[in-house]
**Q** 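Have a look at the structure that comes next, please.
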Amino acid sequence: MKFTIQYHTRWGENVVLRVAGKSFPMRYVADGQWEVELCGRNIKEGDEYYYEIVENDLHTRHEWHPHRLEGKVSKTRVQHDVWSDKTGWRGAGTAIPVFSLRSHRSMGVGEFDDLRLMVDWAAMTGQCFIQLLPINDTTMTHTWQDSYPYNANSSFALHPMYIHLPAIGVSEDDEYMRTQKELNAYSFVDFERVNRVKWNYIREAFKKTFKVISQKDSYQEFVKENALWLLPYAAFCVLRDENKTADYSQWSQYARYQAKAVAAYIKDHQDEVDLHCFVQYHLHEQLRRVRNYAHEKGVYLKGDLPIGVSRTSADAWVYPKLFNMDSQAGAPPDYFSRDGQNWSFPTYNWDEMSKDGYAWWRRRLGKMSEYFDAFRIDHILGFFRIWEIPVPHKSGLEGHFSPALPYSIEELKERGLGFPKAFDLFVEDPRQKGMWHPRIGAKTLQAYRDLYGHSLHSFDALYDDFFYHRHNEFWREKATRRLSALLGSTHMLACGEDLGMIAPCVPEVMARLNILSLEMQRMPKTPGYEFGDTSAFPYFSVCTTCSHDMSPLRMWWEESYTPTSRFYYHVLHRGGDVPSVLSADCARQILSQALSAPSMLCILPLQDWLATSENLRNPDVKAERINDPSNPHHYWRYRMHICLEDMMADAAFNEDVTTMIQSSGRTL
């Protein structure tokens, strides 16, 4: 069978066909015509495929939507295609964590099944995207501390608390209904009780149904296709509970992962391992059904790719060489944090990852693409460089860029900085002995105050060059190669979280690889401006009013009168006294400004949609915040204060949402 497509490439670009999980380089014929013949390849009717652009072996662009093989596949068939693009199209959506959903059928926490109602509401109001936070299993301690969704014990496994129990054979008897009613009455998510209750029911369902489930072709196929991560994950969970800690370095046995030994352990603990495989199978089936349902309604799901991986995760246990376990990821000091941030995650050993073409990353993205149509790249700057803090240091002041171009002693001497005291102003690279990084915050030290003349000017010039100029091309090359490998393994639409202090090369690489940026009126990217101009946002972007790390609109409005008043007068162009509480009318104006932005997508937090209704908004404005980054022990437990069914029944609210979306020119 032959595939052909018309595409006018730039110098150095080539077209590649991706079908059945494989890539096939195409041959240029003439006049923009590319073709490839697949002889004897295992392709069949109904297969999805798409075309992508490759430049110097790097993925740079792919189609917006895949094609589907309709009709009989034969050796003589020629498939003529047109590049699938949606330039100019603009859509709207809602951001909400799964755990925050509330319905009459859930049990104290949002479930995958609740996403059906979100899909119905989105379709009803003209939205086409639902954006979620990470949904991976975070069970480490079986306490509320596991509520942090960015600290998963597996980059592949789904969180058991999202399971809908009746769908796995749990009877909705009187006891079930009483427990459900009690848990659903909580204003917040009680993670400990919810997970304890759900696991009790899961174990009962496993005992009653596993014998039958395990004989199903779909179960056996799931285990076979996911065995590479599923079996080690299941063993990890059993060992975690057996040793009463997820810190595998503390385990009496199996602290070091060895495939043969773990395989023997699995065989000796087959029932416990099967339990975790059983749960993952049902979660997979439930989420896949939701995705298929969403597609039927013209709605897409957007996932979240965390930048970090827990050092006490199954990933780090199985693949320790892929991570720098002697280092911690974080952020350098800034205006908001004098000591910087320490996220405790190990940094990535990118050199080791590159040896097999970033296979772990490609598998991770491949798994996500089974459920999502788009994904948010958390802290995309981390693919360019990360702020690395050596263990056992805690403060970000002890960190350095990684990768980086540190200075040798000879270079420092040439700059007049070779005398002993100067080395208080530097930190030595932990992997390149004799190479030195300027210390962040060095200008606050006594050693800096002791500098004068040529040494002072030389250090100032070196410091400025190192932190703002020296690495731009270096990081550009690194990130392009890494991100290209990732994007080439998935057809999901990529969106980058690129807020804050971003290196100049970041937007350039994102534009080249067609990664949508994140634009926010409250965090403008133009220096010197307090608020962004939504009408000037780029098309290839996602516009929103706030992230999960920020206070929603109503809470922000009440936090400080000064910025609120400037926003009221200069952005909303309103007169009179500034209201102490954000009115529904003002909220509608703010959301309308965001929706009217040129951005391809405008995805707004559910809390801000509800802010437009005096009837539906939460009476407790402070209860709407999802995360407070200033609190390292924050309990992630925000939950909708009303049920989805009640929200969908409010005709006036839904008419307002629909009107705002239609008036902005956004379509389903």
Side-chain angles (χ1 to χ4, degrees), residues 86-96 122 125-129 131 302 374 376 380 493 495-500 502 506-507 510-511 514-557 559-560 562-575 578-579 582-612 656-668:
K86 277 229 175 186
T87 301
W89 171 86
R90 294 157 64 245
T94 296
I96 182 75
T125 54
Q127 301 178 61
C128 55
F129 266 94
Q131 177 175 317
K302 180 182 176 185
R376 166 188 176 271
I380 194 171
L493 176 68
C495 311
E497 186 272 293
D498 59 341
L499 302 177
I502 297 296
V506 175
M510 290 177 66
N514 290 292
I515 301 173
L516 272 59
S517 65
L518 180 60
E519 306 296 331
M520 200 178 301
Q521 197 171 34
R522 282 157 56 187
M523 290 189 69
K525 293 176 178 175
T526 305
Y529 284 78
E530 184 177 18
F531 303 110
D533 178 4
T534 55
S535 67
F537 288 171
Y539 173 70
F540 288 104
S541 69
V542 179
C543 172
T544 190
T545 46
C546 71
S547 74
H548 61 271
D549 286 329
M550 300 166 65
S551 49
L553 276 178
R554 291 169 60 219
M555 187 175 176
W556 168 75
W557 189 271
E559 285 173 345
S560 177
T562 302
T564 296
S565 61
R566 287 197 292 264
F567 188 87
Y568 183 79
Y569 293 126
H570 303 306
V571 179
L572 299 184
H573 302 292
R574 294 190 172 223
V578 179
L582 180 68
S583 67
D585 184 52
C586 279
R588 282 193 289 272
Q589 184 179 353
I590 296 172
L591 265 60
S592 294
Q593 287 183 348
L595 287 163
S596 297
S599 306
M600 177 190 290
L601 295 176
C602 179
I603 300 180
L604 305 173
L606 183 64
Q607 302 97 302
D608 289 352
W609 282 117
L610 294 173
T612 65
D656 280 346
V657 172
T658 304
T659 299
M660 281 190 285
I661 292 172
Q662 290 179 345
S663 299
S664 70
R666 296 184 181 273
T667 58
L668 185 65

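Hydrogens, waters and symmetry mates are skipped; everything else that's a heavy atom, side chains included, is used.
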**Q** Quick one: which residue pairs count as a salt bridge (charged side-chain N to carboxylate O under 4.0 Å, His left out) with a foot in residues 528-557, not counting sequence neighbours?
**A** E530-R566, R554-E624
**Q** Identify, with sequence neighbours excluded, every residue that meets side-chain hydrogen bond (donor to acceptor under 3.5 Å, both in side chains) alongside E497.
**A** none
**Q** Find out whether P605 and C546 are in side-chain contact, i.e. whether some heavy atom of one side chain is under 4.5 Å from a heavy atom of the other.
**A** yes
**Q** For F567, which residues count as a ring pair (Phe, Tyr, Trp, His ring centres under 6.0 Å) partner, sequence neighbours excluded?
**A** F531, W556
**Q** Please examine the side chains of L518 and C495, heavy atoms only from C-beta on, and report whether any two atoms are closer than 4.5 Å.
**A** no
**Q** Tell me, do R522 and S551 make a side-chain contact under 4.5 Å, heavy atoms counted?
**A** yes
**Q** Answer yes or no: is there a side-chain heavy-atom contact under 4.5 Å between L601 and Q131?
**A** no
**Q** Could you give me the CA-CA distance, side-chain angles and deciding distance for R376 and V542, then say whether side-chain contact (heavy atoms from CB on, under 4.5 Å) is met?
**A** CA-CA 10 Å; R376 166 188 176 271; V542 179; over 6 Å; no
**Q** Just so I know, are the side chains of L493 and K302 near enough to count as touching, which here means a heavy-atom distance under 4.5 Å?
**A** no
**Q** Looking at every non-hydrogen atom in both residues, tell me the closest pair between Q127 and G93 and how far apart they are.
**A** OE1-C, 3.1 Å
**Q** The test is side-chain contact (heavy atoms from CB on, under 4.5 Å); show your working for I590 and V571 and say whether it passes.
**A** CA-CA 9 Å; I590 296 172; V571 179; over 6 Å; no
**Q** Does T658 have any side chain to side chain contact (heavy atoms under 4.5 Å, CB included) partners at least two apart in sequence or in another chain, and if so, which?
**A** T125, Q662
**Q** Kindly write out the residues that satisfy side-chain hydrogen bond (donor to acceptor under 3.5 Å, both in side chains) with N514, not counting sequence neighbours, or none if the list is empty.
**A** none
**Q** Working note: T544 + M550, criterion side-chain contact (heavy atoms from CB on, under 4.5 Å); need CA distance, chi angles, decisive distance, verdict.
**A** CA-CA 12 Å; T544 190; M550 300 166 65; over 6 Å; no
**Q** Roughly how far apart are L591 CG and C543 SG, rounded to 0.5 Å?
**A** 9.5 Å
**Q** Could you give the distance from CD1 (I603) to OG1 (T94), rounded to the nearest 0.5 Å?
**A** 8.5 Å
**Q** Using the salt bridge (Lys or Arg N to Asp or Glu O under 4.0 Å) criterion, which residues pair with K525? Sequence neighbours excluded.
**A** D498, E519
**Q** Measure from the side-chain N and O atoms of S541 to the backbone N and O of S599, and report whether any donor-acceptor pair falls under 3.5 Å.
**A** no
**Q** What pairs with S565 under side chain to side chain contact (heavy atoms under 4.5 Å, CB included), at least two apart in sequence or on another chain?
**A** Y561, Y569, V578
**Q** Short question: side chain of W557, backbone of A587 - any donor-acceptor pair under 3.5 Å?
**A** no
**Q** C602 versus F537: any side-chain heavy-atom pair under 4.5 Å?
**A** no
**Q** Spell out, as yes or no, whether a donor-acceptor pair under 3.5 Å connects the side chain of R90 to the backbone of A597.
**A** yes
**Q** Keeping the roles fixed (side chain from S664, backbone from I661), state whether a donor-acceptor pair exists under 3.5 Å.
**A** yes
**Q** So, the side chain of Y568 versus the backbone of R574: is there a donor-acceptor pair under 3.5 Å, distance only?
**A** no
**Q** Does P507 have any side chain to side chain contact (heavy atoms under 4.5 Å, CB included) partners at least two apart in sequence or in another chain, and if so, which?
**A** I502
**Q** Please confirm whether the backbone N or O of C586 pairs with a side-chain atom of S583, one donor and one acceptor, at under 3.5 Å?
**A** yes
**Q** Applying ring pair (Phe, Tyr, Trp, His ring centres under 6.0 Å), can you list everything that pairs with F129, at least two apart in sequence or on another chain?
**A** Y300
**Q** Please report the shortest heavy-atom distance between A594 and L604, naming the atom on each side.
**A** CB-CD2, 4.2 Å
**Q** Listing request: all salt bridge (charged side-chain N to carboxylate O under 4.0 Å, His left out) pairs with a residue in residues 658-668, at least two apart in sequence or in separate chains.
**A** none
**Q** Once rounded to the nearest 0.5 Å, what's the spacing between atom CG of L553 and atom CH2 of W609?
**A** 11.5 Å
**Q** Drop me the distance from M660's CE to L595's CG, to the nearest 0.5 angstrom.
**A** 7.0 Å
**Q** Per the salt bridge (charged side-chain N to carboxylate O under 4.0 Å, His left out) rule, what does the pair list look like for residues 592-612, sequence neighbours excluded?
**A** none
**Q** Mind checking what makes side-chain hydrogen bond (donor to acceptor under 3.5 Å, both in side chains) contact with T612, not counting sequence neighbours?
**A** none
